Amino acid sequence: MNNKPSIPQGTRDFPADVVRKRNYIFSTIRNVFELYSFEPLESPAMENLDTLMGKYGEEGDKLIFKILNNGINNEKNIEKSKAGFEKLLQGKNSSDITERALKYDLTIPFARYVAMNYTKLTFPLRRYQIQPVWRADRPQKGRYREFTQCDADVVGSLSLLNEVELANIYHEVFVRLGVKNYELKINSRKILTALAELCGGAAKMTDITIAIDKLDKIGLEKVKEELQQRGLNTEQIKTTESYLNISGNNEEKLSQIKSLIGKIDSGKQGIDEVEFLFNQTKNTNLSIDFTLARGLNYYTGIIFEVAAPKEVKMGSIGGGGRYDDLTGLFGVPNIPGVGISFGVDRIYDVMDEMNLFPDEVQVSTKALFFNMGEKESSVAFGIMQQLRSNGIASELYHESVKINKQFTYAEKKNIPFVIIIGSKEIEEKKCAVKQLATGNQEIIPFDKLADYLKNL
RNA sequence: GUAGCCAUAGCUCAGUUGGUUAGAGCAUCAGAUUGUGAUUCUGAGGGUCGUGGGUUCGAGCCCCAUUGGUUACCCCA
């Protein structure tokens with residue numbers, strides 16, 4: 001008892017009922033992706049470390065799970081290993097110690113795939129991908145070290161219609177799942193660029209976005225303090241403040257942003273993008289939010305973020321955006337793309353908390369055959385196989401034990417029907433079918449059983 | 001990486017200013033009931049109180065360390 005088995009921090013086992021609920025989310029998302037003509041892709045759990053490093057910002061790099069090389073203690077490698085370890089201690093990477101890593105998201109590995117295969121691929125390429133990713137983050141509510149992302153991306157097209165479609169996919173999925181009060185926030189990185197130009201130039205972009213992203217968390221005053229710490233002068237802070245004070249409904253926000261940064265080139269472009277998306281999509285949960293920044297530094301145009309319904313305390317449950325030159329990082333320039341991601345684990349937590357899973361999700365075995373003895377169970381076995389060939393999931397209790405034990409088993413497994421075949425029934429070629437929820441029992445001839453159960 | 005909280009039976013938790021043999025509910029098993037369950041009744045098993053050290057006549061309780069979990073910050077799905 002002293003060496004209890006355990007699993008790594010932030011990872012989970014999923015028992016049957018959880019798997020069913022998760023599969024319900026997966027299949028809903030997959031169906032919508034397929035409906036919108038996206039095609040599946042899967043990539044390895046691990047990537048070469050240098051494929052991932054430097055793509056997620058400084059913080060992101062720290063959160064990549066690195067895989068220790070094999071054979072570092074091999075005699076002929078010892079010197080290299082020691083030198084490599086010294087590099088690690090200095091905070092650098094060494095391919096002599098680690099050259100592979102678990103993937104951190106699906107977008108960068110996808111960009112790597114496109115760059116590797118662009119001569120064979122047909123563009124625009126619409127792909128979706130549902131796979132686990134890993135982050136060495138400290139786990140907490142709604143945050144896991146292993147979690148699943150569902151991504152849809154369109155690459156090879158600059159058209160804003162892609163953004164419109166992706167916004168519609170968000171809506172379609174959340175409506176199907178019953179998550180009605182989600183909020184789809186949109187903004188454009190170009191608008192943030194324009195703000196940065198007004199406030200000290202492009203170099204200040206990261207500082208400004210990090211600070212304003214925190215607005216709803218820490219409030220205006222704290223954001224201003226942070227901007228000051230990050231080296232903005234009084235006038236620049238004032239400009240940022242009027243930017244942050246933009247409010248009202250979506251139309252009102254648009255007209256206010258126009259007067260603030262509409263004369264700057266990038267600002268005008270960004271506003272046009274947001275306005276186009278807003279006008280084209282029928283998504284009533286869409287909300288223009290100029291404080292939305294998003295951390296991943298490869299975004300260049302429209303950015304998305306999905307906020308969970310306010311009644312549950314949960315961070316974002318999805319996000320995405322346009323990246324104009326992601327494959328450029330891998331030597332293939334000029335392939336623009338735009339994508340979105342669903343965070344299934346958080347969507348699960350939200351739906352579980354809000355009780356949004358339908359009961360049908362849990363039904364698996366439809367009928368349990370009671371084991372009434374050796375001869376009886378061999379007859380039952382034959383009938384059971386007939387049911388199975390009719391597509392009815394069924395099970396024979398594994399041994400002949402007291403009836404109430406078999407009842408308890410059926411109940412625990414949420415099996416709606418039990419079928420009793422004893423010596424009397426065998427003689428009459430009939431069986432007793434009992435519905436557990438109601439207690440109703442009927443006598444059904446063997447050859448009518450499949451039809452009887454199908455209609456229930 | 002930083003900080004707070006928690007750790008007692010398979011699970012959820014009680015456990016008084018430190019004081020005899022550490023309790024309850026649920027679950028498990030057996031029986032009332034060998035062809036009709038889930039509400040009932042009876043009984044049983046199961047814990048060196050996360051681990052290591054210290055204070056004390058005496059520690060589940062106090063102190064230190066350590067491990068694991070959890071929440072928040074940073075960042076993010």
Side-chain angles (χ1 to χ4, degrees), chain A residues 1-12 25 29 56-64 91 104-107 130-151 170 182 206 209-211 213-214 217-218 222 226 292-297 304-308 313-320 339-350 368 370-373 376 397 400-426 431-443:
Chain A
M1 211 44 90
N2 16 356
N3 56 347
K4 281 191 182 177
S6 64
I7 55 174
Q9 193 182 35
T11 65
R12 297 149 299 157
I25 299 175
I29 293 173
Y56 307 108
E58 212 177 306
E59 282 300 314
D61 282 356
K62 289 184 197 160
L63 300 179
I64 293 171
Y104 178 90
D105 75 349
L106 301 180
T107 308
I130 300 178
Q131 287 193 279
V133 300
W134 293 267
R135 293 184 190 178
D137 220 338
R138 218 38 96 75
Q140 51 185 278
K141 185 179 177 181
R143 176 178 303 186
Y144 308 97
R145 286 186 149 181
E146 178 183 64
F147 62 100
T148 305
Q149 289 192 326
C150 304
D151 276 31
Y170 268 135
Y182 81 94
T206 310
T209 54
I210 287 175
D213 196 35
K214 296 178 185 168
K217 233 179 211 172
I218 63 177
K222 294 263 180 187
E226 186 159 338
L292 177 64
R294 289 191 61 75
L296 296 171
N297 49 16
F304 298 104
E305 187 159 302
V306 181
K313 227 184 139 213
M314 184 70 66
S316 63
I317 55 177
I340 58 171
S341 180
F342 290 84
V344 174
D345 302 80
R346 286 186 179 178
I347 293 172
Y348 177 96
D349 290 344
V350 167
L368 175 72
F370 275 9
N371 191 322
M372 310 301 291
E376 292 86 345
Y397 197 83
S400 174
V401 295
K402 286 203 315 190
I403 284 277
N404 69 12
K405 215 174 163 178
Q406 304 195 38
F407 267 117
T408 308
Y409 178 82
E411 252 168 47
K412 280 198 177 156
K413 287 194 65 177
N414 217 357
I415 298 171
F417 296 96
V418 301
I419 295 169
I420 301 168
I421 299 173
S423 50
K424 193 174 67 190
E425 284 82 3
I426 292 175
C431 54
V433 180
K434 181 161 185 169
Q435 185 167 15
L436 267 71
T438 60
N440 288 341
Q441 183 165 319
E442 289 198 52
I443 306 296

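Proteins get letters first, then strands, A, B, ... in listed order; numbering begins at 1 in each. Being a predicted model, the structure only gives us computed values, none of them experimental.
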[atom1]-based separation of [M] from [N] [nearest Å]:
N: B:U8; M: B:U51; atom1: C1'; result: 14 Å
N: B:A44; M: B:C49; atom1: P; result: 24 Å
N: B:C64; M: B:U56; atom1: C1'; result: 16 Å
N: B:U17; M: B:G25; atom1: C1'; result: 29 Å
N: B:C63; M: B:G46; atom1: P; result: 33 Å
N: B:U12; M: B:A27; atom1: P; result: 15 Å

Which of these nucleotides, [options], is closest to any side-chain atom of [X]?
X: A:Q9; options: B:C73, B:G69, B:G35; result: B:G69
X: A:Y144; options: B:A77, B:U71, B:G37; result: B:A77
X: A:E411; options: B:U28, B:C75, B:G37; result: B:G37
X: A:R135; options: B:C75, B:A77, B:G35; result: B:A77
X: A:K424; options: B:C75, B:G69, B:G35; result: B:G35
X: A:E59; options: B:G69, B:C75, B:U36; result: B:C75
X: A:K402; options: B:G31, B:U28, B:C75; result: B:G31
X: A:Q149; options: B:G69, B:A72, B:A77; result: B:A77
X: A:F147; options: B:C74, B:G37, B:A77; result: B:A77

Please determine whether any donor N or O and acceptor N or O are separated by less than 3.5 Å between the side chain of [X] and the base of [N].
X: A:Q441; N: B:U36; result: yes
X: A:R294; N: B:C75; result: no
X: A:K434; N: B:U36; result: yes
X: A:R143; N: B:C75; result: yes

Check your understanding: Think A:R12 forms a cation-pi with A:Y144, using NZ or CZ under 6.0 Å from the six-ring centre and within 45 degrees of its axis?
Key ->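 Satisfied, under 6.0 Å and within 45°.
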
Point to revise | Under 5.5 Å and under 30°: A:F407 stacked on B:A38 | key: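 No, aromatic ring not over the base.
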
With both distances under 3.5 angstrom, what nucleotide forms a Watson-Crick or G-U wobble pair with [N]?
N: B:A44; value: B:U28
N: B:U34; value: none
N: B:G1; value: B:C73
N: B:C6; value: B:G68

Point to revise | Closest-nucleotide ordering on RNA chain B, the 5'-leading residue of A:Q435 and A:F342 | key: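 Between the two, 5'-proximity favours A:Q435.
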
